[in-house]
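Report on the following structure.
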Amino acid sequence: MLIDIHCHANLYLVIDEIIKEAKSVGVQKIISVGMSVLSLERILEISNKYNIIYPALGIHPEEVKMNKDIIKQMDSVVDIIRKNKEKICAIGEIGMDHHFIKEIELYPPQKIIFENMLSLAQELELPVNLHTKGAEKIVFDMLPSYKIPNVNIHWYSGPEDYLNVGIDRGYYFSITPAIKYSPVVKKTVLKVDMEHILLESDGPVKYSGKISTPAMIREVLNIVSKYKDIPAEKLEDQIYENTKNIFPKIF
Ligand SMILES: [Zn+2]
């Protein structure tokens, strides 16, 4: 059984087809992660409708650029998440981004949002799903101040020294279809032990121009299996156990 632990399922136009395709390759659970304020209700709605979809709620670091009112809306966002604490399996997608967000005046509000989300994860005793692009140092420096059950670093593509820090701290690293072409993602796969690897599509993000879907994680598994020289079936069982360890609420 495969589990896509990071997907923006609310963004697909024809979700029934996506789910059908996922099931046909053995994907049996999909975690749909939050992004914008507007996405939160939609994620809860689709997770009620489709039992394969499990919600995670949070505010993405790029929301500061899309939504100028986000800081004013923080209290109500925190309320929505608190109100749904029984339903959600993680706080995510949250983090910092200094790669796609170039405007340095947006960094302080981005940090405020992230601090709010980390505090909420601590309060609700939920794992976090983190975006760290271009902001690895600041994110990794902030994390030890919070008592959070488990950390998932999504699509890690940063410097090797922070990869090593994450490995030492026992973080879980989720691997995307970028494994097909990215040397940094390949390095992550080679360095992280098989007990800390997870699979994700980050759909509907595009890889080499192609819109991704949860079904693609079957191919990701096969490539990881080749790089790590572990039989695919054995790796599939191990990743299932890893997913259970970090996201127990979806089981
Ligand atoms: Zn994402």
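Atoms within each ligand, like the ligands themselves, are counted from 1 in listed order.
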Cation-pi, Y54 ring and K249 (6.0 angstrom, 45 degrees)
no
H6 NE2 and D202 OD1 subtending at the Zn ion (ligand 1) (10° steps):
90°
Once you round to the nearest 0.5 Å, how far does CZ of R169 lie from CG of N150?
13.5 Å
Proximal heteroatom of E93 relative to the Zn ion (ligand 1) (N/O/S):
OE1
Other than V184, which residues form its hydrophobic cluster under the rule that side-chain heavy atoms must be closer than 4.5 Å?
none
Between D69 and Q73, do the side chains contain an N or O donor and an N or O acceptor separated by less than 3.5 Å?
no
Is it true that some N/O/S atom of H8, main chain or side chain, lies under 2.8 Å from the Zn ion (ligand 1)?
yes
Is the distance from the Zn ion (ligand 1) to some N, O or S atom of H131 under 2.8 Å?
no
